[in-house]
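Numbers here are sequence positions counted from 1.
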Amino acid sequence: MLAVFVIICLNAQFISLNGIPNAYTDKEEVVLWMNTVGPYHNRQETYKYFSLPFCVGTKKTISHYHETLGEALQGVELEFSGLDIKFKDEVMQTTYCEIELDKAKRDAFVYAIKNHYWYQMYIDDLPIWGIVGEADENGEDHYLWTYKKLEIGFNGNRIVDVNLTSEGKVKLVPNTRIAMSYSVKWKKSDVKFEDRFDKYLDPSFFQHRIHWFSIFNSFMMVIFLVGLVSMILMRTLRKDYARYSKEEEMDDMDRDLGDEYGWKQVHGDVFRPSSHPMIFSSLIGSGCQIFSVSFIVIVVAMVEDLYTERGSMLSTAIFVYAATSPVNGYFGGSLYAKQGGRRWIKQMFIGAFLIPAMVCGTAFFINFIAMYYHASRAIPFGTMVAVCCICLFVILPLNLVGTILGRNLSGQPNFPCRVNAVPRPIPEKKCWKWKCIVCLFCRYFIFTSFWAYKIYYVYGFMMLVLVILCIVTVCVTIVCTYFLLNAEDYRWQWTSFLSAASTAVYVYMYSFYYYFFKTKMYGLFQTSFYFGYMAVFSTSLGIMCGAVGYVGTSAFVRKIYTNVKID
C-alpha cells in the first residue's frame, strides 16, 4: 500500500508539471521570484540570490518553496523579491530598499563583479537574467547596477514575454547608502502563450548546415554499416552452412581427417553461463531499464515540451525510472534464471540498487562539497529522504514484481543447443576480441545544453541519435562476436557487453576535451560537479549500450545455432 501511495504522489507531481498555466485578472499580483546568483562561466556553481547583500522589497516576504522534486535536486531556490507587481499595472521608477554598504558588503559585491556574477529571476515561470555589476577598464573601480527596468509583454490574460534592462550604475564606496529601484512597463504582444519560450531557444541550430550534414552522414553511415554487416555475415554464414553440410555428408574417417574449425565447434559451450552471472544479469537488467527510460522520456519531451517547466525533465526521468523498475527485474531475473542462478533475491537487490546507488553516491559526495561552499546546489535533507523512500518503497517492490514475472515466464533455459558437462578447451591462439568505440553524434550541442546557458529542445534529433546509436552498437557487437566464436572462443557474453559499453570511454574522454577547451570552468566545486556527473552519465550510457549490444548479439547467436544441424 505504501508503494502505491508513493506512486500516486509521484504521478500527481508529474501531472502538475502540465497543469493549467497562470491566467491573470487586472491588478492581480504577479510574483517576481529571485532564484540564484553565480559566476557566468560556472553555470553549476550557484548560490542563493540573497547570499549577496542585496536588500528585499517592502512587500511581505513569501518563503521560498520547491514545486517539484526535480527543482529541489537541481537547487532551484525561489525567494520572494518583495517587489509589488500587479498585472497590467505600470510602475514608474520606484525605490524599494537601500543597502547600507559597509566594507564587508562592498567586498562581497566586488568579488562578485570580478568573477562576472549574474543572477536569475522568474516571472510566471519565465526566466530573466541580469548582471550584478561591472568594473572600469583599469579594474580599480567597481560599479553596481541598482535599477531593474522590467518590460512585461502580455497576450490577453497571459504573460508571454519578460525583458530586464539593468541601469543606474553606482560606484561602490564603503560606508554609503545605495538605493535600489525598479520599474514595470506592460505592453501588448502578439506572441502566443504556447510559443513564449521560443526566444530562449537556439534557432541557429537548424540554420547551420553542419547539423543537417551530420544527420545525413549518420543516416548514410548506418545504412552502409547495416548493409555491409548483413552482406558480409550472410555470405560468410552461407559458406559456413555449406561447409558444415558437406561435413555432415562425410563418413567418420573422412571427417576425422578433415580440418574442423569455426563457430560450430563450440555449440556445446556457447550457451554456457557467463562468468559472474549475478553481476552480468544485473547489468543487463539495468541497461534495459535505462534504455526504456531514455526512450519514454524523449517521447514525452517531444510531445510535452518539458523545457518550459523548471525541473520537469528531471522529475519526469525520476518518475519514469521508478515506473519502469519491472523492466529491470524482468530482464535481469529471467537472464539470471536461464544461467542457473539460485540466489535470485541477492541478484534482485543488486539490479534494483545498482544505478540508484551510483547516482545517489555521486550526488551525496558532491552535496558535501556544495554544502561547504554554501551553494544552492546542496540537496536538502528532506529531498534525500524522499529519494531514499522512492528507492525502498517504489523501485524495490516493482523490481521484485518484474523479477518474479521474468523467472516464471521466461526463466527456463530454452537454448537450441545442449550445454556440455565439461567445458571445451579454448585454443591458444589470438582471439578477435575487439573493443570497438561507437561514436555519439550531436554530442557538442547536447554538452552545451548541459553545461552552458542553452536550452536543449531538439528531442527529435535526440531520438534519431538514440536509434542510430543502438543500430550501430548492435552491428558492431555482432561482428565482434562472430569473429570471437569463429576463433572457437565461446566467452561471448561479456565481450558483447564490453565492446558495446566502450562507448562510455569515448564519451568520458570527450568530456575532458570539452571541459578544457570549450568551457571556462574552474574551482573544486565546479570540477567535481562536472566530472562526477559526467562519470555517472557515461557509465549509465555504457550500461545501456552494453545491454543493447548483448540483446542484439544474443538474438544473432541463437539464430545461427538454430539453423545449423548439430548432432
- Worked check of side chain to side chain contact (heavy atoms under 4.5 Å, CB included) between Leu466 and Cys470: CA-CA 6 Å; Leu466 180 63; Cys470 292; 4.2 Å; yes
- Steps toward side chain to side chain contact (heavy atoms under 4.5 Å, CB included) verdict (Asn367, Met384): CA-CA 10 Å; Asn367 193 56; Met384 296 183 185; 2.7 Å; yes
- Message: Walk me through whether Tyr182 and Ser81 qualify under side chain to side chain contact (heavy atoms under 4.5 Å, CB included).
- Response: CA-CA 11 Å; Tyr182 79 106; Ser81 62; over 6 Å; no
- Are Phe353 and Leu392 close enough, and set up right, to give a side chain to side chain contact (heavy atoms under 4.5 Å, CB included), and what steps lead you there? CA-CA 9 Å; Phe353 294 122; Leu392 292 176; 4.2 Å; yes
- Worked verdict on Phe531 versus Phe512 for ring-ring contact (aromatic ring centres under 6.0 Å, His included): CA-CA 8 Å; Phe531 286 109; Phe512 280 85; 4.7 Å; yes
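Enclosure of atom CG in Asp190 is not indicated, since only 12 or fewer non-hydrogen atoms of other residues, nucleotides or ligands lie within 6.0 angstrom. Heavy-atom contacts from other residues, nucleotides or ligands closer than 6.0 Å to CZ of Phe368 number 12 or fewer. Within 6.0 Å of the CZ atom in Phe295, the count of heavy atoms belonging to other residues, nucleotides or ligands does not exceed 12. More than 12 non-hydrogen atoms from other residues, nucleotides or ligands lie less than 6.0 angstrom from CZ of Phe364. The number of heavy-atom neighbours closer than 6.0 Å to NZ of Lys105, taken from other residues, nucleotides and ligands shown, is above 12. Shown here is Lys88, whose NZ atom has more than 12 heavy atoms of other residues, nucleotides or ligands within 6.0 Å. Remark: Tyr513 OH is loosely packed, at most 12 non-hydrogen atoms of other residues, nucleotides or ligands lying under 6.0 Å away.
Between the side chain of Asn328 and the main chain of Asn399, no donor-acceptor pair closer than 3.5 Å is present. Panel note: side chain Asn157, backbone Ala23; no donor-acceptor pair is recorded below 3.5 Å. Looking at Thr503, its side chain does come within 3.5 Å of a backbone N or O of Ala500 through a donor-acceptor pair.
Looking at heavy atoms from C-beta onward, Asp195 lies out of side-chain contact with Val160 at the 4.5 angstrom threshold. Taking the side chain as every heavy atom from C-beta outward, Glu29 and Tyr24 never approach each other to under 4.5 Å. Looking only at side-chain heavy atoms (C-beta outward), Val31 and Phe80 come within less than 4.5 Å of each other. Looking only at side-chain heavy atoms (C-beta outward), Met180 and Lys148 come within less than 4.5 Å of each other. Residues Ser294 and Met544 are in side-chain contact: their nearest non-hydrogen atoms beyond the backbone lie under 4.5 Å apart. The closest side-chain heavy-atom distance from Leu83 to Met121 is not below 4.5 Å. Contact annotation: the side chain of Ile131 never approaches that of His116 to less than 4.5 Å [non-hydrogen atoms, C-beta and beyond]. Within the 4.5 Å cutoff, the side chain of Ile85 has heavy atoms near those of the Trp186 side chain.
The only member of Phe54, Tyr143, Tyr117 that meets ring-ring contact (aromatic ring centres under 6.0 Å, His included) when paired with Phe109 is Phe54. Exactly one of Arg106, Lys169, Lys171 qualifies for a salt bridge (charged side-chain N to carboxylate O under 4.0 Å, His left out) with Asp141. That residue is Lys171. Of the candidates Tyr530, Phe529, Phe537, Tyr533 forms a ring-ring contact (aromatic ring centres under 6.0 Å, His included) with just one, namely Phe529.
A donor and an acceptor atom, one from each side chain of Tyr508 and Thr539, are nowhere located under 3.5 Å apart. Side-chain atoms of Tyr515 and Thr527 include a donor-acceptor pair closer than 3.5 Å.
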Only pairs under 3.5 Å count here: list side-chain donor-acceptor contacts from residues 161-168, not counting sequence neighbours, and write none if there are none.
from: Asp161; atom 1: OD1; to: Lys199; atom 2: NZ; distance (Å): 2.9
from: Asp161; atom 1: OD2; to: Asn163; atom 2: ND2; distance (Å): 3.1
from: Asn163; atom 1: OD1; to: Lys199; atom 2: NZ; distance (Å): 3.0

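Under the rule for a side-chain hydrogen bond (donor to acceptor under 3.5 Å, both in side chains), Glu90 has no partner lying at least two apart in sequence or in another chain.
Minimum interatomic distance between Asp125 and Phe197 (heavy atoms only, all atoms of both residues): O-CZ, 3.5 Å. For the residue pair Val327 and Ser292, the shortest heavy atom distance occurs at CG1-OG, 3.7 Å.
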